[in-house]
Each structure stands twice: as structure tokens, then as C-alpha cells.
Amino acid sequence: MTKVTYEFDLYGKHYALEAGELAKQATGACLVKCGDSTVLVTAVVSKERKDYDFFPLTVDFIEKMYAVGRIPGGYLKREARPSEKATLTARMIDRPLRPSFPDGFRNEVQVVATPLVADQIHSVDTICVMGASAALTVGGVPFEGPLACVRIGRNPETGEFLVNPTYEERDTSDLDLELAGSSTFISMLEAGAKEISEEDMLAAMAFGQEAIAAFCEEEKKFFAKWEEANGPIVKKEYVLDEPTPEVHDRIFAHFDEMSAALKDADKLSRMGKVEALKESIKAEFTEDEQAQWSRAIAVELKGLEKHAMRKMVVETGERVDGRTPTEIRPIMVKPDYLPLVHGSGLFQRGQTQVLSICTLGMLNEWQRLDTIWPEEGKRYMHQYNFPPYCTGETGRMGAPKRREIGHGALAERALLPVIPDEDEFPYAIRVVSEVLSSNGSTSQGSICGSTLALMDAGVPIKAPVAGISCGLIQDDDGSFTTFIDIQGVEDFHGEMDFKVAGTKKGITAIQMDLKNDGLTMEIIKNALDITYDARCEILDQIMLPCISEPRKEVSKYAPKMIIMHINPDNIRDVIGKGGSVIQKIVAESGAKIDIDDDGTIHIASPDAESCAIAKKCI
């Protein structure tokens, strides 16, 4: 195997793809660079096929602190569990890769991205998709590539779009859009924005699609150079999990019964009917047949449910709960739901119910981050919990899973643009969204509930935010049907979960999960249009009539905050020898005091009188 390096410039940045020297026992490996930021991406496909009825793909992003010349914090001095950003990066790589594999692929695939250098100028996340695409291709894995991922920013003054902006360029951008896919389709979307209009967001996506195509062309040049040095890339043969016609015909003969079982607005009742029907169908097979076709029977039963649900929506325009494609489930909201806490809000849409709780603290209670990214910490924190009881199941409680981290990050991203600056509102803010009942779109329910909690807590947000999801059913001829406010069965059997959050003015966050090859701009435009209408309906007709604006004052249970400024030369006088002066002020006033190097002093206490005493002493 001969080492091959291919370098190119695109949109003002320098990139390199390299293979043939590192990780030679992996199925495929590629070193990908942007500037000096360097990531090794490896792909391994198991030799044996797994007896699963799903595609076993695992993607890991392994943070290495040596990449930024730092020793990990903590007692062990070794990288432990992935950071939130590392988990989100792994999810970002996974989503465009997963639908690009052929149906029936059951060999286990593991993709590992290891950042070796993070130059603190160019991000290491988006280039991982290009590295994974190259590693899979040179390894002869049969998937639909090449694929690439780009981040699109925007200069708010000139309106110019930026491809893979540096951290400095991102600081001034009003858009942070990551999208991945092939030269013709988009298969992954993540976005954070400062109330960007639907038209501007669509323009950014169209520009991003062009950029992805440009990167895919460069990948093809790298593959051509690889073949010159190492011979043709031959895709390996893997045994696919093919349908068994006899099993398919016998199971799909129960189509009308499955359609009838699905027509129930109550999730648990519907699931009970569907599972009972599946068991009765399965019982029609002899014990020998069940042993012989166990996987095929499970696959076809799932396929029957999927086919019945999709045909119902496309042909009749009616969904399993009787709604039309543009109809939102009944919504109930209750701000100020809990006593004593600083702010709370209950949001229920259909059988999805989320309770969000807001807590205010001193600025020194911000979250400090020990990662390879430049961000040192954050003052606004949003966390999302999905306990097993919310789906009527038992299960292990413990550390948040990838899905919980991803949904919490989406809600945080959606609300961050409306959070006031610390000069205006000098508090650290933590919102926790507890999912109490789930039947689809809990992440968007948590965004709505958290808006209620923030306003109830007296946080002067710039505008209320709501979120809604859009589903998709696409036919082989390219025709498609979109529908708003999807529930669990529609998410599971549909092509898309397109989540959009924002204010009435514009979009603040987007996340898309996709099961088909990719989306056209026509589908994306349709999704943006109908989610905007639904978002405005939720705000105008449901949320704002209950709480029209943030409370004028923070809760009486929240700490009161005073900011004052002194000459930095006098800081030592306030602190005193060995901290004696400030300790005395704290003891006399009962307030907490935090002093910055520039002479800014934050005084906090459960009551305003203590703050006033501390201020007078200072």
C-alpha cells in the first residue's frame, strides 16, 4: 500500500487528504486536515454478518487533549467520558453516513475519528465526514459516496456566506449552519442562528449544497490519485439481508388488519393493538418456520406496519390519530407550575409532556469546559432528561445518553440567541427539561416549555421561542408528502424528522434526522414554510395568551444581584490581606461577592437588603 497525499484549496482554506501510512489494519483510514487541524478517521467493517434487523453502525469521536497541548484535568489525567461537544460531533458524523449504506447491510461498522491536532483556528468537526467518506471508499466499503460536510457562516454586515469559517469569523457570524451530504442531496442539517429568516436560511442551505459538491469533487480527485498508486478501488462483496418473498407475501396479506390497528389516537392503545396483531401473524408460522425465518419475520412485520402507516398518509391524507397533515395536536401550557423554584413551565402537545425548570445563579456558577475547542465555558446551560417511564417502560437510570445530550444541546442552541447579555442580566442560567410523557417531538416541547420557564423566572429574553417538527414520506417517483407535528410512529416509519425552532421574526435552531438518501431544496423549502406557520400558531394562540412577556422581576426565591464598578487599583483594598476585608463584608451582609480583574463586582444574595449592605461596605 503506497502512501497518497492530496492537497487542495477551497473557499480560502487549505485542506489535505492522506491515506496509506497510518492504521493499516483498519478496513480503511484517512488523515484529513484543514489548516493545521488534523483528524485521523478510521473505518472497520466486521468480517461476519450480524443477526440483527437493523444496520449496526457506531461512530465515535475521541477527544485528545494533547491535540491542544494540554494535560487533562482531574485526578486520573486521562481522557474519560466524551464531552458534550464530542458526543454531538459523533452524532453529526453518524447521520450522513447511516443512510448511505445499502438496505440489508448487517455487518457491523465502526467509524472512529481521533483529532491529533486542533490548531484553535480551524474546527476539527466538519472535516471528519470527508475523512470518514474517504476511509470507507479506499477501504472498498459499498456505500453511496463521496460525502462531505461544511459549516456555513455569514458576515452580518455584508451578507456574504462563509464556508468553514475560522473561530474568529464565527464569533461575528449571525449563522452557524452545518450540513452534510452528497453532490446532489443534503442528508444532515444542524443550525444555530440569530433569528434568521426562512428565505435567508434556504439561501444558506443552497450555497452549502454547492460547497458540499465542490468538496465531493476534490475527494474524487484524491481517489483517482489513490488508484494511480494502488490500483483500482474495488468494492468488497458483503451478503445483504434480502427479503424472503414467501414470508413477505404471507405477512403483507394482513395489510387491512394492520391499517385498522394503527387507527388509534392513543399511543399505548395503538401499540397494544399492533403488537397483538403481530403476535397473531407470527403464530401462523410453524415452530420450524419461525426458527428458519426468525429475522425475516421480524423485518417483514416491521415493514408491514411501516407500509400501512405511509400508505394511509399518502393516499387518504389522514394520519393514525385522525389529523390532517397540517394539523397540530391539542396543546396545554402552564407557566409558574411549581412553587419555590425560580421559574417553571409545563408544555403538553398531544401525549408529549415536558416540564422545564429554570434556576438562576451567580455568574461564577457558569459551566467550565475542559475540551479541545476554544470555548472555555458557558453561562446558559440547558439539559434534557428522558427517563424510561415517559414511554411507559422500565429501564436503567444514569448518565445521559447521546440522544439526551443532543436534544439538550438543540434546545440550548434554540434559546441562546434570545438570552440577554450578562451586562443586562448578570446571572448564570440553568434550565432542565424533564420529559414526563413521550409521543414524538419532545425536543421541541422542551424548547416551548423552557421559554415559559425563562419568562416565569423573570429572564428578559429578547423574544419567545417555539419549536415544531415536520415529517416526510417520499415515493420512488420523487413525489413527497410533508406533515407537521409528528408523533412517535411517524418519526419511526417516516423519512424525516425536521425540527425547526425560532421566534416569529426568524429561525434560531434546526436539526434534521433523515432515513433516506437525502433531501432536495424543494422539500426543505416546504418544510421551512409549514414549520413557520405552525410556530407562529403555537406562539400566538397558545403560549403568549398564558404569559405574554417575562416577569418584571426575578422570583423572590432567586438570588438578587447588584453590579458595581471600582478602580482596579482598589481591588486589593476590598479583598484585604489574606481576604480579611471581603470575608468581613460577606459575614456582615450575608451576600456572595465576586470580583473581576477589571474592577467589576457582582453582589448576590437571597434578599435585596443584604446586597445593599454589601454595596455600602464596599
Side-chain angles (χ1 to χ4, degrees), residues 54-55 57-59 88-103 105 109 111 126 128-130 132-133 136 143-152 177-191 201-202 204-206 208-209 212-213 216 302 306 309-310 313-314 402-403 406-407 409-410 440-441 443-444 467-476 478-501 507 509-531:
F54 61 90
F55 171 38
L57 169 66
T58 303
V59 177
L88 297 175
T89 301
R91 283 167 56 89
M92 186 183 76
I93 302 167
D94 180 293
R95 290 209 298 278
L97 293 181
R98 190 172 293 275
S100 65
F101 280 79
D103 291 337
F105 198 94
V109 179
V111 174
T126 54
C128 292
V129 174
M130 183 166 59
S133 172
L136 289 165
F143 88 113
E144 294 298 323
L147 303 175
C149 178
V150 296
R151 172 176 279 108
I152 303 298
L177 167 67
E178 303 101 47
L179 64 168
S182 68
S183 58
T184 54
F185 289 107
I186 292 174
S187 54
M188 186 281 294
L189 272 175
E190 292 268 4
M201 183 64 77
L202 190 65
M205 291 177 183
Q209 175 70 85
I212 288 172
C216 288
K302 187 186 297 183
K306 178 178 180 178
M309 188 281 290
R310 292 162 64 88
V313 175
V314 172
R402 284 188 173 191
R403 181 179 179 277
H407 281 6
L410 173 61
S441 203
S443 64
Q444 303 309 286
I468 193 74
S469 60
C470 172
L472 169 73
I473 292 176
Q474 192 170 17
D475 292 333
D476 294 336
S479 61
F480 64 90
T481 301
T482 54
F483 42 96
I484 205 71
D485 182 23
I486 64 175
Q487 55 185 311
V489 66
E490 294 168 334
D491 182 10
F492 189 71
H493 293 307
E495 259 90 32
M496 174 182 80
D497 181 6
F498 194 102
K499 311 177 187 78
V500 184
I507 295 168
I510 296 178
Q511 185 195 38
M512 181 187 72
D513 295 323
L514 200 65
K515 299 183 182 72
N516 64 1
D517 293 338
L519 299 183
T520 62
M521 283 298 154
E522 181 186 7
I523 297 174
I524 293 174
K525 182 181 186 306
N526 181 273
L528 290 176
D529 288 342
I530 64 175
T531 51

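All values reported here derive from a predicted model rather than from experimental measurement. Start at 1 with the first residue, then count along the sequence.
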Peer 1: Looking only at atom types and distance, does a side-chain atom of K515 sit under 3.5 Å from a main-chain N or O of D497, one as donor and one as acceptor?
Peer 2: no

Peer 1: When rounded to the nearest 0.5 angstrom, what distance separates CZ in F498 from CD1 in I524?
Peer 2: 6.0 Å

Peer 1: Looking only at non-hydrogen atoms, find the nearest pair between S187 and M512 and report the distance.
Peer 2: C-CE, 3.6 Å

Peer 1: Using every non-hydrogen atom in the two residues, find where H493 and R310 come nearest and quote the distance to one decimal.
Peer 2: O-NH1, 3.3 Å

Peer 1: Heavy atoms, side chains only, cut-off 4.5 Å: are L519 and F185 in contact?
Peer 2: no

Peer 1: Are L179 and V150 close enough that some pair of their side-chain heavy atoms sits under 4.5 Å apart?
Peer 2: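 Yes. Closest side-chain heavy atoms under 4.5 Å.
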
Peer 1: Got a donor-acceptor contact below 3.5 angstrom from the R98 side chain to the L57 backbone?
Peer 2: yes

Peer 1: Should M521 and I186 count as side-chain neighbours, where that means a heavy-atom distance under 4.5 Å?
Peer 2: yes

Peer 1: If we only count heavy atoms from C-beta on, is the M309 to F492 side-chain gap below 4.5 Å?
Peer 2: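 No; the side chains remain at least 4.5 Å from each other.
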
Peer 1: Within a strict 4.5 Å, meaning less than it, do heavy atoms of the L136 and L97 side chains meet?
Peer 2: yes

Peer 1: Any heavy-atom pair between the side chains of C470 and M496 that's under 4.5 Å?
Peer 2: yes

Peer 1: For Q209, check side-chain hydrogen bond (donor to acceptor under 3.5 Å, both in side chains) against everything at least two apart and list the hits.
Peer 2: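 side-chain hydrogen bond (donor to acceptor under 3.5 Å, both in side chains) check on Q209 returns nothing, list empty.
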
Peer 1: Just verifying a value: how many Å separate I523 CD1 and Q474 CD, rounded to the nearest 0.5 Å?
Peer 2: 4.0 Å

Peer 1: With a 4.5 Å limit on heavy-atom distance, are the side chains of I473 and E495 in contact?
Peer 2: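 Yes; the side chains approach each other to less than 4.5 Å.
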
Peer 1: Could you pull out the closest heavy-atom pair between L410 and A509, with the gap in Å?
Peer 2: CD1-CB, 4.0 Å

Peer 1: The criterion is side-chain hydrogen bond (donor to acceptor under 3.5 Å, both in side chains); which residues satisfy it with R91, sequence neighbours excluded?
Peer 2: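 In terms of side-chain hydrogen bond (donor to acceptor under 3.5 Å, both in side chains), with neighbours along the sequence ignored, R91 is linked to no residue.
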
Peer 1: Would you name the heavy atoms of G467 and Q444 that are closest together and state the gap between them?
Peer 2: CA-OE1, 3.2 Å

Peer 1: Locate the shortest heavy-atom distance separating G181 from I212; write the atom from each residue and the value.
Peer 2: O-CG2, 3.4 Å

Peer 1: Under the rule for side-chain hydrogen bond (donor to acceptor under 3.5 Å, both in side chains), what residues qualify as partners of E190, not counting sequence neighbours?
Peer 2: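 Once residues adjacent in sequence are excluded, the partners of E190 under the side-chain hydrogen bond (donor to acceptor under 3.5 Å, both in side chains) criterion are R95, Q511.
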
